[in-house]
There are 2 protein chains.
Amino acid sequence: MGTDSIAGGPGPRRGASQADVARIAGVSGQTVSRVANGARYVDAATRERVLLAMRTVGYRPNRAARALRTGRFQSIGVIAFELSSVGTTHTLDAIAAAAVEIGYAINLVPVLDDTDDAVRAAFNQLGEQAVDGIIILVETHRLDGVTVPEGLPVVVVDSSAQYDYPIVDNDQAHGARLATEHLLELGHETVWHVAGPELSFSARRRRTSWQATLEAHGRVVPPVLPGDWSTGSGYEAGLRLAGDEQVTAVFTANDQMALGLLRALHEQGRRVPEDVSVVGFDDMEEAAYFWPPLTTVHQSFDEVGRRAVDTLIREIHSTEHEEQEGLVPTRLVVRASTAPPRSTTA
Amino acid sequence: MGTDSIAGGPGPRRGASQADVARIAGVSGQTVSRVANGARYVDAATRERVLLAMRTVGYRPNRAARALRTGRFQSIGVIAFELSSVGTTHTLDAIAAAAVEIGYAINLVPVLDDTDDAVRAAFNQLGEQAVDGIIILVETHRLDGVTVPEGLPVVVVDSSAQYDYPIVDNDQAHGARLATEHLLELGHETVWHVAGPELSFSARRRRTSWQATLEAHGRVVPPVLPGDWSTGSGYEAGLRLAGDEQVTAVFTANDQMALGLLRALHEQGRRVPEDVSVVGFDDMEEAAYFWPPLTTVHQSFDEVGRRAVDTLIREIHSTEHEEQEGLVPTRLVVRASTAPPRSTTA
DNA sequence: CTGCGACATGTTGACGTCAACAGGTACAGT
DNA sequence: ACTGTACCTGTTGACGTCAACATGTCGCAG
């Protein structure tokens, strides 16, 4: 029979090709291509015949061939660091959803550790990967020595402004200011801060903004407690703060650390919010069920993801750089972990 | 000059090709290919010359062309549902890491909602996507009417055994038994259960195993409290259980629901573990910092992800199906949320 | 009845890569 | 010297697709 066996072609798995469809439908390959791509100028009857043939043989266009021919891959690369962090995960989720909706595939490249080499390796991967653009979800500033392949469009999800690429992010500074001002307005003398990791720009922005807000209100700026996003580091910070009666208000750079902090305060017999008020950052799903329910800064990861994709697609289709910075507003969600201090100076 | 401008080729972005490297190095394209793929029989000097040429022009092999030629894409598709769930995220993270280490790319396809159509759409995507195999992280049993493209290797991360594909998962049944027995051994009369969503096989396995364990010990099986993995649903369940003095031990199908439950119990003045013991499932990072620290079942998502990739790769390279089921053992982590009941029948 | 635009289809070739084949050279064993 | 084997390199063609360029047909204005 005409159906030749597995032998012959290079790869093992060979689905039906455009040519097969063309033969069955009695048209040229080009017409099949036209139908597949929804081009104009195809007779309705012909189109039907082709579609039928496609269905019978189970035709699927070969992305590799298409990409080779057109130079377009309909795919965007996402470089992510530490998928397990709340923000990254949510953002990735939103990015994936947005990308799929416009027919783009997601090429996920994890950065295994935060050495320069790992980051470079990730970029190299994407260099030979078939992607039309890159979204960087990496939470480190270590992108210096790294060369982005050729003129690949790039969008960075980060609050730093030191790249030449468009940036999309939650408005960290605004959120941190909201959190700090909220505590001051409640009557607290000053606000302590448990920071995120040094290398994270988000963390840095939150810290800077907290400090600036305190200074703007003429308050003392207490020493920063170091943290690394983890619940454990929040717990450590909590143990250190619990001993100090002066501490009546704490702003932690994320919710997970806030959880650890709450736990440490409980253990040490400091009540929240009666003795100490706590504000987090992220508004992860669980935050509303902390004990007590956590006042925190809500971030719109969905919106960030969607905007990142939008921006990247626009970069891909346009020729010139548009260097806009897209900050998504954050908002304070007041729950039960904050209250006026017990002994207000009055 | 020889360097022709942007015009000419189809796509806009054209990096250096094998031919360019060949010209510079003064060899044939085939030799460049050999160097790129580490083939034997290339003279050391020649290899150096080629490598140098590669570096000068910044050559990166074109994955699309390679895939077209070889029929191999060095890429695996991951179909994931609800990225934001703890287990899925961790597993995806591990999968990505494992895949990258062996030079495979990850093609992430989210299932936007849990309708059949959405699942089918995801598969279709991967059908024309360039992937060598698929890992299914979808937490639903709705894979019935779905046709997996051709003979694409598939690995399912799920506890159901109803597919013809290899399965890798944490040993849910074992974990649930451990949790239940732990509570019985502490002296509790019986154990209540807050279940995960109906459609989830993991949830179902945990529930079935909990029930079987109770029956094996001749205990009364209390009615199941419905949940949907969310903290909120755990809270609801907690409110319902808090009123019943009979309830002294609860096993929730995941940690997030346990958090909600703890909160509800606190609110209603039921102390944990003095009045009620609670066991979760997942051992998410935060669990150790709940109030009180949560006794829970630890899952090795890393191991599951690694095994899933291993299995898939083996499927890709071998011709026949190996239908083994790889269950990764779980273990109980005892913290402070469990204790003997106050009034042991003695 | 000529000509021109809108419609409909087909032919050719190239995207970048690698498998298959086809030389080669060098050196061992006979 | 002759054969065989290990090594090294080049030539050719095809993977499946689509852009560019043919050809057509049809209907309608002039």
Side-chain angles (χ1 to χ4, degrees), chain A residues 4 6-23 25-50 53-54 57-74 127-130 150, chain B residues 4 6-23 25-50 53-54 57-74 127-130 150:
Chain A
D4 46 357
I6 334 93
R13 232 181 353 273
R14 298 188 47 209
S17 81
Q18 197 175 80
D20 298 328
V21 176
R23 208 173 312 117
V27 297
S28 74
Q30 183 57 215
T31 299
V32 177
S33 169
R34 277 192 265 259
V35 171
N37 295 293
R40 297 185 319 171
Y41 301 154
V42 179
D43 188 76
T46 311
R47 168 173 282 116
E48 278 316 310
R49 231 170 49 245
V50 172
M54 283 181 173
V57 298
Y59 169 74
R60 314 207 158 285
N62 181 319
R63 297 273 285 223
R66 180 178 287 178
L68 177 60
R69 181 64 246 260
T70 63
R72 286 274 152 94
F73 305 93
Q74 295 281 322
E128 58 173 275
Q129 225 62 249
E150 308 131 74
Chain B
D4 44 0
I6 333 92
R13 235 182 347 277
R14 297 187 49 209
S17 81
Q18 197 175 79
D20 298 327
V21 175
R23 208 173 312 119
V27 296
S28 75
Q30 184 57 217
T31 298
V32 177
S33 170
R34 278 192 265 261
V35 171
N37 294 292
R40 297 185 318 172
Y41 301 154
V42 179
D43 189 75
T46 312
R47 167 172 282 116
E48 279 315 310
R49 231 171 47 246
V50 171
M54 283 180 171
V57 299
Y59 168 73
R60 316 209 155 283
N62 181 320
R63 294 277 280 228
R66 181 178 288 178
L68 177 60
R69 181 65 243 264
T70 62
R72 286 275 153 93
F73 304 94
Q74 295 281 321
E128 59 172 276
Q129 226 63 246
E150 308 132 72

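In what follows, every chain begins at residue 1, and chains take the letters A, B, ... in the order their sequences are listed.
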To the nearest angstrom, how far is [X] atom [atom1] from [N] atom [atom2]?
{"X": "B:Arg63", "N": "C:dC18", "atom1": "CZ", "atom2": "P", "answer": "11 Å"}
{"X": "A:Arg72", "N": "D:dG16", "atom1": "CZ", "atom2": "P", "answer": "24 Å"}
{"X": "A:Gln18", "N": "C:dG10", "atom1": "CD", "atom2": "P", "answer": "12 Å"}
{"X": "A:Tyr41", "N": "C:dG10", "atom1": "OH", "atom2": "P", "answer": "17 Å"}
{"X": "B:Gln74", "N": "C:dT17", "atom1": "CD", "atom2": "C1'", "answer": "14 Å"}
{"X": "B:Leu68", "N": "D:dC18", "atom1": "CG", "atom2": "P", "answer": "12 Å"}
{"X": "B:Asp20", "N": "C:dG16", "atom1": "CG", "atom2": "P", "answer": "8 Å"}
{"X": "A:Arg23", "N": "C:dG10", "atom1": "CZ", "atom2": "P", "answer": "14 Å"}

Handout entry: Closest to side chain of A:Thr70, choosing from C:dT11, D:dA14, D:dC18
Key = D:dC18
Fill in the blank from the handout: Of C:dG16, D:dA19, D:dT9, the nucleotide closest to the side chain of A:Gln30 is D:dA19
Any [X] side-chain N or O less than 4.0 Å from OP1/OP2 of [N]:
{"X": "A:Asn62", "N": "D:dC15", "result": "no"}
{"X": "B:Thr31", "N": "D:dG10", "result": "yes"}
{"X": "B:Arg66", "N": "C:dG16", "result": "no"}
{"X": "B:Thr46", "N": "D:dT9", "result": "yes"}

Would a 4.5 Å heavy-atom cut-off, applied to side chains only, mark [X] and [Y] as touching?
{"X": "A:Tyr59", "Y": "A:Gln18", "answer": "yes"}
{"X": "A:Val35", "Y": "A:Met54", "answer": "yes"}
{"X": "A:Val50", "Y": "A:Arg47", "answer": "no"}

Practice task
Quick one: pull up CZ in B:Arg63 and OG1 in B:Thr70 and give me the separation to the nearest 0.5 Å.
Solution key: 10.0 Å
Problem - Atom pair CG (A:Leu68) and CZ (A:Phe73), whose distance is rounded to the nearest 0.5 Å - result: 8.5 Å
Exercise for the section: Remember a base hit wins even if backbone is also touched, and classify A:Arg34 as base, sugar-phosphate or nothing at under 4.0 Å, heavy atoms. Expected result: base
Practice task
Would you mind telling me which residue lines up with the more 5' stretch of DNA chain D, B:Ala65 or B:Val27, judged by nearest nucleotide?
Solution key: B:Val27
